[in-house]
Amino acid sequence: MLRRALSATGWWLRDHLGLVLLVLLLLPAAVLTALRLSDPTWGPAVRLTSFVPLALPLYAAALVVAGVRHARWRARVRLVPVVLATAGLAAHAWWVAPFWLGPNPPAARGADALVVITANLYQGEGDALGLVALASAEEADLLVVNEITGPALRRMRAAGIDDVLPYAIGRPEQDPVVGTMVFSRVPLSEPRRLDTPLASYKVDVGGPGGLTLLAAHPSAPLDAEAWRRDHDTVRRAAVRGGVDLVVGDLNATLDHAPLRRLVDAGYRDAVELGNAGFQPTWPENGLFGPLSFLPALVPIDHVMVGEDLAVRSVRTVALGGTDHRAVVAELARQ
């Protein structure tokens, strides 16, 4: 009896393998699409929204499977998964296309380059010496560091950060969790700290005629309400304060509604504006144990530029000891 049941199950799976594959491909893809089209408030749903781009290969694979089934059976009902996969593929292609094909306004002729780097040091455990070397090699003008600690700052100073970028704001040793610091080639104004649990600062760079920077670090979406509140705080500070740059670990991708609202307010991701392709920054360095072979999947570290700035180039760089890739962007005035 058991053998007969197993045999019947095997025949059913063989005859319906295409259908099983379609369900396994289309169901998670449809969930990711629904998350992208909505503004979820439940923590797990917010975190899952980070992986919306993965729907693109799922829809592509589903379209292949659905096309084979339709060609084999030629029944109208077989067109339903073909249509669904095609529609999902088109929607997600539309959402990611600007990373390669969006408008890229040129910089003004003769405009000076502004090199901006942002990095998260993973509660001070990241390669502080390597970060100083990166800032020096790239001739950085601004460096925004999230999750910097007192010991990490001392290592950076021992490595010569004060020679590379002599001006700085932020006091990581005074932050109860982890700090944020801004290092600059030119003088910085007295910063104004935002009301976010993780340190975020608004600061003027270079005095009159310079730039206004918001070095941001909203909460991670482990607490969705706090995460949303922090993003509202960052967006209001940027819009009301005439901020030119919003830089840091924003703990959100462009598929999250709060970050899209920042885009609607006039700020563009340098990766998208520079047509640099998909540039994920997290998780890096194999922090997921058995899945350590996977590359970074989620772009949550950003250089968001205002309407007066152009992007000449942007890329991500791996740093040892941290779960984030650094972002290096070369900007200029339009």
Side-chain angles (χ1 to χ4, degrees), residues 50 114-124 126 128 131 134-135 140-149 152-153 156 165 168-172 175 177-184 188 191-205 211-221 226-227 229-239 241 243-254 256 258-259 261-263 265 267-272 279-282 284 296 298-306 309 314 316-317 319 322-329 331:
S50 304
L114 175 72
V115 178
V116 180
I117 299 177
T118 181
N120 182 311
L121 284 183
Y122 191 50
Q123 300 186 26
L131 181 56
L134 176 65
D141 298 286
L142 283 172
L143 170 63
V144 175
V145 187
N146 298 125
E147 297 197 22
I148 185 171
T149 60
L153 175 58
M156 291 180 68
L165 298 169
I169 62 99
R171 300 287 297 276
D175 288 309
V177 186
V178 285
T180 293
M181 287 194 70
V182 178
F183 300 87
S184 173
L188 299 168
R192 182 174 74 85
R193 178 164 178 170
L194 274 62
D195 185 20
T196 59
L198 300 176
S200 300
Y201 295 100
K202 177 186 169 188
V203 60
D204 294 325
V205 181
L211 296 168
T212 301
L213 167 72
L214 202 165
H217 194 190
S219 300
W227 171 81
R229 184 169 57 248
D230 284 358
H231 274 279
D232 288 342
T233 298
V234 168
R235 186 180 67 259
R236 286 195 300 267
V239 173
V243 167
D244 298 288
L245 285 166
V246 180
V247 180
D249 171 10
L250 301 187
N251 274 315
T253 75
L254 293 177
H256 286 105
L259 195 53
R261 285 193 280 271
L262 183 63
V263 173
Y267 296 89
R268 297 283 302 280
D269 190 328
V271 172
E272 182 185 58
Q279 298 269 359
T281 62
W282 182 91
E284 185 68 1
V298 179
I300 60 174
D301 300 86
H302 302 270
V303 175
M304 306 290 291
V305 302
L309 292 171
V314 60
T316 64
V317 178
L319 287 175
T322 175
D323 56 343
H324 291 252
R325 295 179 69 88
V327 179
V328 180
L331 316 175

Contact summary for [X] and [Y], nearest pair of heavy atoms:
| X | Y | value |
| --- | --- | --- |
| P218 | L198 | O-CD1, 3.8 Å |
| A329 | A270 | CB-CB, 4.3 Å |
| L214 | A237 | CD1-CB, 3.8 Å |
| A220 | N251 | N-ND2, 3.5 Å |

To the nearest 0.5 Å, what is the distance between [atom1] ([X]) and [atom2] ([Y])?
| X | Y | atom1 | atom2 | value |
| --- | --- | --- | --- | --- |
| L194 | K202 | CG | NZ | 8.5 Å |
| L165 | S184 | CG | OG | 7.0 Å |
| H217 | T118 | NE2 | OG1 | 9.0 Å |
| H231 | R236 | NE2 | CZ | 12.5 Å |
| E147 | T322 | CD | OG1 | 7.0 Å |
| Q123 | N120 | CD | CG | 9.0 Å |

Counting C-beta onward and ignoring hydrogens, is there a side-chain heavy-atom pair between [X] and [Y] closer than 4.5 Å?
| X | Y | value |
| --- | --- | --- |
| L250 | D301 | no |
| P299 | Q279 | no |
| R268 | L254 | no |
| L188 | V205 | yes |
| L142 | F183 | no |
| L114 | V116 | yes |
| V305 | D244 | no |
| V314 | V303 | no |

Is there a side chain to side chain contact (heavy atoms under 4.5 Å, CB included) between V263 and D269 once you walk through the steps? CA-CA 8 Å; V263 173; D269 190 328; over 6 Å; no
State whether D232 and R235 are salt-bridged, where the test is any N-O pair (Lys NZ or Arg NE/NH1/NH2 against Asp/Glu carboxylate O) under 4.0 Å. yes
So, [X] side chain and [Y] main chain: donor-acceptor pair closer than 3.5 Å or not?
| X | Y | result |
| --- | --- | --- |
| T233 | R229 | yes |
| N146 | T180 | no |
| D230 | S219 | yes |
| T281 | H324 | no |
| Y267 | V243 | yes |
| D141 | V115 | yes |
| H302 | A252 | yes |

Can you list the steps and then say if M304 with L245 is a side chain to side chain contact (heavy atoms under 4.5 Å, CB included)? CA-CA 6 Å; M304 306 290 291; L245 285 166; over 6 Å; no
Are D323 and W282 close enough, and set up right, to give a side chain to side chain donor-acceptor pair (under 3.5 Å), and what steps lead you there? CA-CA 6 Å; D323 56 343; W282 182 91; 3.0 Å; yes
Please enumerate all residues that pass side-chain contact (heavy atoms from CB on, under 4.5 Å) together with [X], with sequence neighbours excluded.
| X | answer |
| --- | --- |
| S50 | T253, H256, V298 |
| A152 | L121, I148, T149, R155 |
| A119 | L131, L319, A326 |

